Amino acid sequence: SLFLFQLPKHEEVIHIRATASWGRALAYYCHPPLYALLGKAARTLLGDSFLSLYFLGAASAVLSLFLLWRIMKALDMGRVAPFALAFITIMPPFVHGSLLLEMEPVVLTPLLLLALLYYLSAPTNNKGAAFYLKAGFLVGLAMWAKYFFTPFLLVFSIFAYEASTGVDIKRALRNSALTMLSALVTFVPFYLAYAYFFIDGPNSFEFIVLNKTREGAPLFASGVAFFAPLTKIMAMTFWLSPFFIALFITAAIRSVTEWRRGNAERLILVLVVSIFLFYLLLHPYPFGELKYFYPIYPLSALFVFIHIRRELTEMRLKPALLVVAVFAVLFYMIAGDPLYETLLRYRARDYTGLASYLLVYTAMNAAVFAVASFYCGRRAGMTARSALVALSIS
């Protein structure tokens with residue numbers, strides 16, 4: 001409540017503010033209307049203010065946590081689920097994604113998690129054609145979030161996972177084709193009808209084909225877009241701690257070396273890596289905003305939790321959370337909010353100030369790393385190791 005009236009206002013909040021009526025929300029031509037309709041519903045139920053829209057983000061975050069809990073139960077992680085959910089809740093991208101009210105975390109993330117839950121909850125060797133048609137329906141629902149490739153990457157990940165873990169490649173292709181066909185039937189004809197009846201002027205397909213081509217083609221032609229991976233990787237360092245990145249890489253290497261066992265968490269790894277690489281290398285816009293990478297943040301955390309189950313079951317939660325709170329206060333006192341501090345300097349073209357800030361931020365990370373290394377070197381007890389696990393996630 002201390003910061004309730006000073007919450008950050010992302011540009012897409014302005015998009016929703018423009019939907020003053022149900023008619024205008026239905027005519028929301030920049031993207032499929034689900035996001036705008038939910039925003040209008042929140043304003044209608046809770047009052048016409050920014051706070052009602054932030055409630056929409058918070059409600060989406062809670063729904064995502066519920067679906068992650070169900071996924072953990074499907075993966076036989078029920079005992080560690082409370083700890084895992086606690087640390088997902090305080091991950092910076094999870095917090096910022098809820099407050100910034102971007103389409104990706106608010107609409108796409110829970111819909112994609114729902115499709116993933118449906119797939120992981122089914123018996124491994126008893127998935128018929130009807131199962132993949134139903135999975136495709138859920139993927140099709142995710143397409144109503146926004147025009148982008150993430151739902152297609154989920155279908156690709158299911159194919160890659162099945163083809164690499166013992167399923168005949170022809171059968172894997174058939175399964176993916178059924179899923180994709182069902183998804184497209186769920187979205188395309190109904191969206192064409194929606195655009196015809198409700199959108200005046202250029203509809204979203206024209207917007208994508210014409211406007212996005214005009215924006216993206218010059219970037220590729222100039223070569224500027226090829227610098228995008230560097231800016232995106234730099235931005236990601238402000239969203240995920242270096243300890244978390246190290247844990248994820250370690251878990252990924254272990255998973256790849258044991259790939260043939262075919263555990264379901266391999267699908268999560270394939271999905272995270274495919275989304276990351278696609279938007280890192282192929283998305284044309286050369287800025288450091290990482291909204292397009294959703295929902296890899298909660299999924300990457302889930303993947304890490306799978307590989308540190310023992311530490312989580314033995315964790316002493318109170319001292320671990322205390323360490324997280326202390327370091328959070330130190331960061332905000334000395335370095336401020338890294339995401340906003342760097343973004344403001346970058347937009348103001350204050351490159352000298354940005355370089356100075358990056359030095360401070362790097363020094364803070366080095367100090368945290370030194371403390372963590374000190375505890376590990378002393379073969380610390382469970383209190384310190386629990387704190388390190390908590391710190392690495394948050």
Side-chain angles (χ1 to χ4, degrees), residues 64 67-68 71-72 74-75 77 84 88 91-94 97 104-105 108-109 111-113 115-117 119-120 135 139 142 148-167 169 172-173 175-176 179-180 183 226 228-285 288-308 392-393:
S64 295
L67 294 171
L68 285 166
I71 290 173
M72 289 180 204
L75 297 178
M77 294 177 59
I88 290 177
M91 285 180 70
F94 194 83
E104 287 76 8
L108 171 77
T109 297
L111 288 175
L112 205 76
L113 289 176
L116 185 63
L117 171 63
Y119 183 86
L120 292 176
V139 174
F148 53 164
F149 282 89
T150 308
F152 297 95
L153 294 174
L154 173 60
V155 178
F156 163 77
S157 300
I158 291 174
F159 164 74
Y161 165 71
E162 290 188 349
S164 62
T165 51
V167 177
I169 192 166
L173 280 171
N175 296 341
S176 298
T179 305
M180 182 63 72
F226 296 103
L230 178 60
T231 61
K232 292 172 185 176
I233 290 176
M234 289 174 61
M236 189 165 284
T237 63
F238 303 116
W239 288 74
L240 301 172
S241 77
F243 311 109
F244 177 82
I245 295 173
L247 273 178
F248 179 84
I249 292 174
T250 302
I253 293 173
R254 187 189 314 167
S255 179
V256 170
T257 58
E258 301 173 356
W259 190 264
R260 283 297 173 182
R261 294 186 181 183
N263 294 334
E265 60 263 24
R266 275 39 165 195
L267 171 60
I268 299 174
L269 176 61
V270 174
L271 180 57
V272 169
V273 172
S274 63
I275 293 174
F276 175 76
L277 291 179
F278 180 86
Y279 289 104
L280 180 71
L281 301 175
L282 298 180
H283 198 277
Y285 301 113
E289 190 175 13
L290 294 181
K291 62 180 183 177
Y292 295 102
F293 289 86
Y294 274 93
I296 70 167
Y297 305 113
L299 286 177
S300 59
L302 175 63
F303 180 75
V304 167
F305 295 137
I306 293 172
H307 290 270
I308 58 171
S392 68
I393 300 305

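Note that the numbering runs from 1 along the sequence shown for the chain. No experiment lies behind these values; they were computed from the predicted model shown. FYI, side chains are in, hydrogens and waters are out, and symmetry mates aren't considered; it's all heavy atoms of this structure.
The CZ atom of R254 sits 13.5 Å away from atom CD1 of I249, with the distance rounded to the nearest 0.5 Å. Note that the OG atom of S255 and the NE2 atom of H307 stand 4.5 Å from one another [nearest 0.5 Å]. Rounding to the nearest 0.5 Å gives a distance of 9.5 Å between OG of S300 and CD1 of I245. Atom OG of S64 and atom CZ of F94 lie 5.5 Å apart (nearest 0.5 Å). How far CG of L68 is from CG of L75: 10.5 Å, rounded to the nearest 0.5 Å.
Residues I158 and E162 meet the side-chain proximity criterion, which asks for heavy atoms closer than 4.5 Å. Side-chain atoms of P105 and Y297, non-hydrogen and from C-beta on, never get closer than 4.5 Å to each other. A 4.5 Å side-chain heavy-atom check between L267 and Y119 finds at least one atom pair inside the cut-off.
Minimum interatomic distance between A74 and L120 (heavy atoms only, all atoms of both residues): CB-O, 4.3 Å. Scanning all heavy atoms of the two residues, the minimum distance from L113 to I71 falls at O-CD1, 3.9 Å. The two atoms that bring L112 and P295 nearest to each other are CD2-CG, 3.5 Å, heavy atoms only. Minimum interatomic distance between V304 and F248 (heavy atoms only, all atoms of both residues): CG2-CA, 3.7 Å. A301 and M91 get closest at one heavy-atom pair: CB-SD, 3.4 Å. Residues S176 and V155 approach most closely at O-CG1, 3.7 Å, considering heavy atoms.
Heavy atoms of other residues, nucleotides or ligands lying less than 6.0 angstrom from CD1 of I169 number 12 at most.
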Given the rule in the side chain to side chain contact (heavy atoms under 4.5 Å, CB included) test, do F305 and I88 qualify, once you have shown the distances and angles that lead to the verdict? CA-CA 10 Å; F305 295 137; I88 290 177; 3.5 Å; yes

Could you walk me through whether Y279 and I296 pass the side chain to side chain contact (heavy atoms under 4.5 Å, CB included) check? CA-CA 11 Å; Y279 289 104; I296 70 167; over 6 Å; no

What's the verdict on side chain to side chain contact (heavy atoms under 4.5 Å, CB included) for L271 and S274, showing C-alpha distance, side-chain angles and the deciding distance? CA-CA 5 Å; L271 180 57; S274 63; 4.3 Å; yes

Passes side chain to side chain contact (heavy atoms under 4.5 Å, CB included), F159 versus N175? Steps please. CA-CA 8 Å; F159 164 74; N175 296 341; over 6 Å; no

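Distance alone, capped at 3.5 Å, places no donor-acceptor pair between the S157 side chain and the I268 backbone.
No side-chain N or O of Y294 forms a donor-acceptor pair with one of T150 less than 3.5 Å apart.
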